[in-house]
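Positions are given from 1 along the sequence.
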Amino acid sequence: MSTPYPFTAIVGQDDLRLGLLLNAVSPAVGGVLVRGEKGTAKSTAVRALAALMPQVAVVEGCRFSCDPAAPDTACPDGPHASADGVARDARMVELPVGASEDRLVGALDIERALSEGVKAFEPGLLADAHRGILYVDEVNLLHDHLVDLLLDAAAMGASYVEREGVSVRHAARFLLVGTMNPEEGELRPQLLDRFGLTVEVAASRDTDQRVEVVRRRLAYDDDPAGFAAKWAGEEADLRDRIAAARALLPQVRLGDDALRQIAATCAAFEVDGMRADIVMARTATALAAWAGREDVQEEDVRQAALLALPHRRRRNPFDAPGLDEDKLDQTLEQNSPPRDGGEDEGGDDPDPDGPGGGGLPPRGDGPDAPETPETSASEQSDTPEAPQEQPEQPQEQPEQQPSPSGSGSPEQPAARSAEPFRTKMLSVPGLGDGAAGRRSRARTEHGRTTGSVRPRGALTKLHLAATVQAAAPHQHARGRSGRGLVVRRDDLRQATREGREGNLVLFVVDASGSMAARQRMSAVKGAVLSLLLDAYQRRDKVGLITFRGKEAEVVLPPTSSVDAAAARLELLPTGGRTPLAAGLLKAHEVLRVERLRDPSRRPLLVVVTDGRATGGPEPVALAGRAARLHEVEGIASVVVDCESGMVRLGLAAELARELGGTAVTLDELRADSIAGLVKDVQGAQGTSRKVA
């Protein structure tokens, strides 16, 4: 086994270290979600924490890590009456993104269950992680149903496997840690709420800290064992402090004053439900124990709010997590107990760092430790600032300079998006095999049963009737004498199910001068933003292409981060000619590459334009030929017609016909009349060709 990087050797990242340590002190906090850009020691810190966890006593030979002092009465390997215990290190179990449901929760031997009535159960990762750490890297890329199973087990402390009338239950209490890069997509708010704490991490901009990070990493790579030995003393001290905080935790008193501050804070920030209040209470108690105190103080409540509330403040999917610290301080002050004569009621703090100092003693005296400035939680936050509102401009500004990207209308500053609205579903015709989602029909692991097939690998979803039907003709030949059915491996049938898949929704947006009127572009952005919101809710990947001037640009390559697409859209300028053909050709190139990368994910092309094509020789004919490339390959497409005014040329509808898709106006996109749009898309494309 390789030597892990020492936890105490991590430079900076105070919030990350504190969040992990508080969960080590009190697993009831509910785990921690680490959000941040790549290369910020997220995985390194989690793996380093495992070496600090106290050893656990387990029943010898029990695959479910039962505690010999209080064995689980329902343990599948039990009963464990007066069992002897052995001590071992706490495990850190990693859940890979591509794991199956059986790998996570375990699997039943269906053949033995049917023929012998035996609950032959192979434990999964949840059983391995019991009384240890379960680490999910890139948790935002995990399938939703797996995240649901994972968080349900974490909340209940047990895992249940129910299959064809056979059920198994075992204990599953673990410290849950998830890491994610927001650029690759967000978790649903319902799932975010199930994580106790969240921390934002970003690479330090301090030169000395960056130098020390590189120095320590190179030293570790050259000699892992030697580097770990230099930090052994620091690691031992921190391990002892965790054990001491755990022992002190039951004695910590959460007074009515602190509890009132917690409730007032959650109410002031309008978080949904009561989970935030409970998590804040547990976190504040753990902070007091970590500081060596038996009473929860106001600074514990404040730090608990900074860790437990930001990810619960999102009112819509495009809101970045964050917390207004001025409002937090004001709320705490308004709900502070009265103080006599200005006397400091906090008393002496045994921990000079306090709970807000990252939860670690200063490392200036450690091996090779540099003198680096500490960075506060607010300074480390990488929450993007909202774009500044541009002053309203008149529709005609002849005094502006022409766009350097090409002749035509001058470049206009970015217009703000109109308010998003709810759209009706657009879907790809046919039956796909893509990743689970909520848009188009597909063969999936979850959904309604539509038939059965012979299993190609491990059986995951038994079709009981088909299995019995396959085994029934052979009972006499197999010598059946009792009531039990004699079942062989060849008799088993896998259920086929139909559900919904997520698609690749590629937006091609006209940003030329013909779209530059501010009210018009604002409405266009509002419509695209509404469709992006719909894509977020339906678990789609999205991409964004814009065209103006002389060329088209891939503003956002296909990604699961819908909020990144919304941010790029908000800053989109307009102006120049209308190279419609370039936009369609760029879309064709992007879809060709994505088909190689992810062949099972079907695309939906959404072209937002008024249909005009200008610039270059024969722009209209060239645009028509580019559109027919998509039509020949069977790409499902919708054209959002942005043409306005009393006189309409109908160019967008003509473009939709050449794409083999359908056209809808901005007004129809908002109205109930769009209800028939899905039928139109399917009718225009589904009967004449196969969709790529």
Side-chain angles (χ1 to χ4, degrees), residues 6-10 12-32 45 48-56 90 133 175 196-197 199 231-262 265 278-308 328 332 336-337 339 343-366 369 374-377:
F7 191 89
T8 49
I10 296 173
Q13 306 297 7
D14 293 341
D15 287 347
L16 169 60
R17 293 185 293 167
L18 179 60
L20 293 172
L21 289 171
L22 291 177
N23 275 273
V25 171
S26 176
V29 166
V32 58
L49 179 68
L52 299 175
M53 299 291 287
Q55 286 192 326
V56 294
I133 300 173
L175 193 167
L197 309 179
V199 294
W231 291 88
E234 300 279 313
E235 293 283 285
D237 292 344
L238 189 56
R239 191 178 297 109
D240 292 342
R241 187 176 175 186
I242 293 174
R246 280 191 169 191
L248 180 61
L249 186 65
Q251 306 172 34
V252 176
R253 176 179 173 273
L254 180 65
D256 289 342
D257 292 335
L259 197 55
R260 181 171 293 276
Q261 285 185 319
I262 290 171
T265 300
I278 297 171
V279 170
M280 272 191 66
R282 290 172 174 166
T283 304
T285 304
L287 281 162
W290 180 245
R293 287 188 263 99
E294 294 186 4
D295 288 292
V296 173
Q297 298 180 357
E298 183 174 312
E299 59 263 33
D300 300 322
V301 176
R302 185 183 192 278
Q303 184 65 43
L306 292 174
L307 293 171
L328 173 61
L332 294 175
S336 296
R339 301 188 179 185
E343 182 181 354
D344 184 5
E345 296 181 353
D348 294 333
D349 186 353
D351 179 12
D353 289 337
L360 290 171
R363 296 300 170 199
D365 55 350
E374 294 296 328
T375 305
S376 67

### Task
Start with the C-alpha distance between Val296 and Arg253, add both sets of side-chain angles, then the distance that settles side chain to side chain contact (heavy atoms under 4.5 Å, CB included), and finish with yes or no.
CA-CA 6 Å; Val296 173; Arg253 176 179 173 273; over 6 Å; no
### Message
Would the distance check show the side chain of Glu298 and the main-chain N or O of Ser336 forming a donor-acceptor pair, the cut-off being under 3.5 Å?
### Response
no
### Message
Closer than 3.5 angstrom, by distance alone: can the side chain of Gln303 be matched with the main-chain N or O of Ala284 as a donor-acceptor pair?
### Response
no
### Message
If you compare all heavy atoms of Pro54 against all heavy atoms of Ala90, which two are closest, and at what distance to 0.1 Å?
### Response
O-CB, 3.9 Å
### Query
Can you find a heavy atom in the side chain of Ile262 that is under 4.5 Å from one in the side chain of Leu254?
yes
### Message
So Val252 and Arg293, do their side chains get closer than 4.5 Å, heavy atoms only?
### Response
no
### Query
So do the side chains of Leu328 and Leu306 get within less than 4.5 Å of each other, counting heavy atoms only?
yes
### Task
Return the minimal non-hydrogen interatomic distance between Pro6 and Ala48, and the atom names on each side.
C-CB, 4.1 Å
### Query
What distance do Phe7 atom CZ and Ile242 atom CD1 have between them, rounded to the nearest 0.5 Å?
7.5 Å
### Test side-chain contact (heavy atoms from CB on, under 4.5 Å) applied to Leu307 and Val199, Val32, Val29, the passing residue
Val199
### Task
From the options Leu49, Val25, Asp15, Leu52, select the one residue that forms a side-chain contact (heavy atoms from CB on, under 4.5 Å) with Leu20.
Leu49
### Task
Output the distance between atom CG (Leu197) and atom OG1 (Thr283), rounded to the nearest 0.5 Å.
4.5 Å
## Note on the structure
Closest non-hydrogen atoms of Ala304 and Leu287, given as atom of the first, atom of the second and distance, are N-CD1, 3.7 Å
### Query
When you look at Glu234 and Leu238, which way does the side chain to side chain contact (heavy atoms under 4.5 Å, CB included) test go after all the steps?
CA-CA 6 Å; Glu234 300 279 313; Leu238 189 56; over 6 Å; no
### Query
So how far is it from Met280 CE to Thr265 OG1, rounded to the nearest 0.5 Å?
5.0 Å
### Query
Hey, does the side chain of Arg241 reach the backbone of Trp290 with a donor-acceptor pair shorter than 3.5 angstrom?
yes
### Query
If you measure from CD on Gln297 to CG on Asp295, what distance do you get to the nearest 0.5 Å?
7.0 Å
### Between CG on residue Leu18 and CD on residue Gln13, distance to nearest 0.5 Å
12.5 Å
#### Entry: Any donor-acceptor N/O pair, Asn23 side chain to Leu175 backbone, under 3.5 Å
no
### Backbone of Ala24 reached by a side-chain donor or acceptor of Arg246 within 3.5 Å
yes
### Task
Mind checking salt bridge (charged side-chain N to carboxylate O under 4.0 Å, His left out) for Arg239 and listing every partner two or more places apart, or none if nothing turns up?
none
### Task
Assess whether salt bridge (Lys or Arg N to Asp or Glu O under 4.0 Å) is satisfied between Arg260 and Asp257, documenting all intermediate values.
CA-CA 5 Å; Arg260 181 171 293 276; Asp257 292 335; 6.0 Å; no
